[in-house]
2 protein chains.
Amino acid sequence: MSNQSENIENELSTEEKIKQAARVVFHKKGFAATRTRDIAEEAGINLALLNYYFRSKEKLFQLIMAESLSAFIKSIATVFNDESTTLYEKIPVLVDKYIDMLTKNPTLPIFILGELQQNPDLMVEQFSIKQVIMQSVFMRQFQAAAEKGEIAPMQPIHFVMNVMGFIVFPFVASPMLRTIGDIPQDKYIELMHERKKMIPEWIRLLLKPSPQV
Amino acid sequence: MSNQSENIENELSTEEKIKQAARVVFHKKGFAATRTRDIAEEAGINLALLNYYFRSKEKLFQLIMAESLSAFIKSIATVFNDESTTLYEKIPVLVDKYIDMLTKNPTLPIFILGELQQNPDLMVEQFSIKQVIMQSVFMRQFQAAAEKGEIAPMQPIHFVMNVMGFIVFPFVASPMLRTIGDIPQDKYIELMHERKKMIPEWIRLLLKPSPQV
DNA sequence: AAACATTTTAATCAAATGATTAAAATTAAA
DNA sequence: TTTAATTTTAATCATTTGATTAAAATGTTT
């Protein structure tokens, strides 16, 4: 059996083990605080194998970062660009998918935003993001509804901030909020799932046009 | 003139120069990505002076972190515990103060939340926070209003998440949102100030009791 | 089975980095 | 002014850490 591609057993390939371990450790600690020895230990492999398969810590990081950015954006992009649904149909789907993704990857947002704070140029390379969000079907529907007076007027960027804030902020701030509220891990996850129902309602309230005089 | 305390001139004491430089660099890059040489260069002092005045990188970090947590929490705490104002009077004051503070320290939230993701125990030492927020005058007013039916029912923790999300998230996500929206630095700051007026309105919408049947 | 290729391991290297030291420079006290 | 204390500097140390190497182990091909 050749090494990487055809590995049907429960045992992952060495390469895949390293990648998964790298994702876990990088996401939790960021690039600088992660030692290649941490990744090797998490993966249960010899340190030299990291360089054998991925050349360098830097290269491995770039791979994980690219995948992470892609995951972070794609869970928005697919919903945002569905031509077959209305503005208000998209919202609960977006919220549901995004909260599911973040529940599985709760350390992802801080990882991305922390690295981006150190080096904003990491974003520039992912030029697709601007197009995929701000020129999406969803945002066009939003602006059309605003022009028709079906929703309260709001600058698109504020709308994006608010929607993402509702969804992402509780994950970003979880270590702080869990302490503030004295909330254990499992109860916190419950709260996140509760928000799947509530966030679409809150967004609706924000967008409700004020009654005509 | 003795060294630290009585320094009235425009020239800061060496100790203060190091502290301010440490704050800037730690806030931007976090503990692990910060080299003591970075701090020394930012401060314009000899590397050895960092250890002379602060013993170690670790000790200097603990000092900055304690001050940062304090700043982050105190800008909430003072407003939240003002006995002389109503629930709805507190909200615009909170929003205004917090956005001002974050405009001056835009890298503060990611710094705190990033370090907290690496080591959640950093929070535990600051036990005051739970008391100061969840048992605050503001939260008691919030719950009293909910019981009287003056506002729509919402779990306090969700309310805190939403309010903080409105305020803090745009700063946390600024490197990403600025790319998405193609927004320059100064224009982004303008947006943050715009939100001072809008956030209290949005919060009011969320809290507006649904009409009785 | 023999020869070859690939993967894994333990040992080691070199550079980066936090910290220390001893001497020099500066300031304060006598 | 002399002496003592404090602050600053350049050089150096010791540890950590990313990376490499050569040999051993494992797998594949003929």
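Lettering follows sequence order; numbering is per chain, from 1. Because the structure is a prediction, the values reported are computed rather than measured. For the numbers below, each heavy atom of this structure counts, side chains included, while hydrogens, waters and symmetry mates do not.
Computed from coordinates, the B:L50 CG to D:dT7 P distance equals 15 Å when rounded to whole Å. Atoms CD (A:E15) and C1' (C:dT6) sit 13 Å apart, rounded to a whole Å. Atom-to-atom, NZ of A:K17 to P of C:dT8 comes out at 8 Å; the value is rounded to the nearest Å. Nucleotide C:dG18 holds its P atom 8 Å from the CD1 atom of B:I39, rounded to whole Å. Between the P atom of D:dT7 and the CZ atom of B:F54 lies a distance of 12 Å, rounded to the nearest Å. Remark: C1' of D:dA22 and OH of A:Y52 are 14 Å apart, rounded to the nearest angstrom. A straight line from CG of B:N51 to C1' of D:dT12 spans 14 Å, rounded to a whole angstrom. We find that CG of A:L12 is positioned 16 Å from P of C:dT7, with the value rounded to whole Å.
Checked by atom type, the side-chain pair A:K90/A:T85 shows a donor-acceptor distance below 3.5 Å.
Applying the side-chain hydrogen bond (donor to acceptor under 3.5 Å, both in side chains) rule to B:K187 yields no partners; only residues at least two apart in sequence or on another chain are considered. For A:T103, the side-chain contact (heavy atoms from CB on, under 4.5 Å) test picks out A:I99, A:F171, A:I189, A:H193, with sequence neighbours left out. For the side-chain hydrogen bond (donor to acceptor under 3.5 Å, both in side chains) test, residues two or more places apart in sequence or in another chain that qualify with A:K130 are B:D182.
Pairs engaging residues 35-50 of chain B under the salt bridge (charged side-chain N to carboxylate O under 4.0 Å, His left out) rule: B:K29-B:D38, B:R35-B:D38 [sequence neighbours left out].
Between B:T14 and D:dT7 there is no side-chain N or O to OP1 or OP2 distance below 4.0 Å.
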What string of B, S and - do you get for nucleotides 9-17 of chain C, 5' to 3', if B is base contact, S is sugar-phosphate-only contact and - is no contact with any protein heavy atom under 4.0 Å?
BB------B
Run the side-chain donor-acceptor check on residues 155-168 of chain A: report pairs under 3.5 Å with partners two or more places apart or on a different chain.
residue, atom, partner, partner atom, Å
A:Q155, NE2, B:E194, OE1, 2.9
A:H158, ND1, B:R195, NH1, 3.1
A:H158, NE2, B:E194, OE1, 3.1
A:N162, OD1, B:R195, NH1, 3.3
A:N162, OD1, B:R195, NH2, 2.7
A:N162, ND2, A:H158, O, 3.3

